[in-house]
Amino acid sequence: EKGELTKGSRDKILSEGVPPAIVDDIWEAIIAGATLNEIRNALAEQTGDQSLGFGYLDKFMKALQSKKGGVSFDDI
């Protein structure tokens, strides 16, 4: 179903060390149409640590993009 992160994608992101609540927050923000910059800034504020917040988003995106040939939001 569109709008849901697949279990495989979620597990891959979790294996990168991104906490489950952060994975959910990032995904909800993407679905809501937030820009990556908006998400990054919100995570920095939420975690109280800019490098940690930015790192979570980077790990989230890297995990999704590491699929062969990149990723389309239809795939995740």
Side-chain angles (χ1 to χ4, degrees):
E1 175 183 328
K2 286 203 189 244
E4 293 294 322
L5 191 60
T6 65
K7 182 179 181 336
S9 292
R10 183 178 170 79
D11 288 348
K12 191 167 191 175
I13 298 163
L14 293 172
S15 76
E16 293 291 325
V18 182
I22 299 289
V23 173
D24 294 340
D25 290 346
I26 293 172
W27 184 247
E28 287 173 18
I30 290 170
I31 293 300
T35 67
L36 294 180
N37 197 47
E38 289 169 338
I39 297 168
R40 188 173 280 117
N41 290 332
L43 287 170
E45 188 174 312
Q46 180 179 343
T47 62
D49 181 334
Q50 184 175 17
S51 62
L52 181 65
F54 284 22
Y56 285 153
L57 182 59
D58 291 344
K59 288 177 180 180
F60 184 102
M61 298 307 291
K62 183 179 177 205
L64 295 182
Q65 291 170 348
S66 65
K67 293 173 99 174
K68 191 169 188 162
V71 67
S72 137
F73 282 114
D74 290 338
D75 296 336
I76 53 180

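Note that the structure is a prediction, hence the values are computed from the model and not measured.
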(request) Check each of D25, I30, I39 against F60 using the side-chain contact (heavy atoms from CB on, under 4.5 Å) test, and report the only one that passes. (result) I30
(request) Taking atom types as modelled, find out whether S51 and D49 have a side-chain donor-acceptor pair closer than 3.5 angstrom. (result) yes
(message) Please find the pair of heavy atoms, one from D58 and one from R40, that lie closest to each other, and give the distance.
(response) OD1-NH2, 3.4 Å
(request) Quick one: do L43 and F54 satisfy side chain to side chain contact (heavy atoms under 4.5 Å, CB included)? Show the steps, please. (result) CA-CA 7 Å; L43 287 170; F54 284 22; over 6 Å; no
(message) For a 4.5 angstrom cut-off between non-hydrogen side-chain atoms, does M61 reach I26?
(response) no
(request) Show your working on side chain to side chain contact (heavy atoms under 4.5 Å, CB included) between K12 and L64 and close with a plain yes or no. (result) CA-CA 8 Å; K12 191 167 191 175; L64 295 182; over 6 Å; no
(request) Mind checking the OH-CD spacing from Y56 to E16? Nearest 0.5 Å is all I need. (result) 12.5 Å
(request) Compare all side-chain heavy atoms of I13 with those of L5 and state whether any distance is below 4.5 angstrom. (result) yes
(request) Could you tell me whether E45 atom CD has more than 12 heavy atoms of other residues or ligands within 6.0 Å of it? (result) no
(request) Check T47 against A44 and note the closest heavy-atom contact, atom names and distance. (result) OG1-O, 3.4 Å
(request) With the side chain counted from C-beta on, respond yes when D24 and R10 share a heavy-atom pair under 4.5 Å apart, and no when they do not. (result) yes
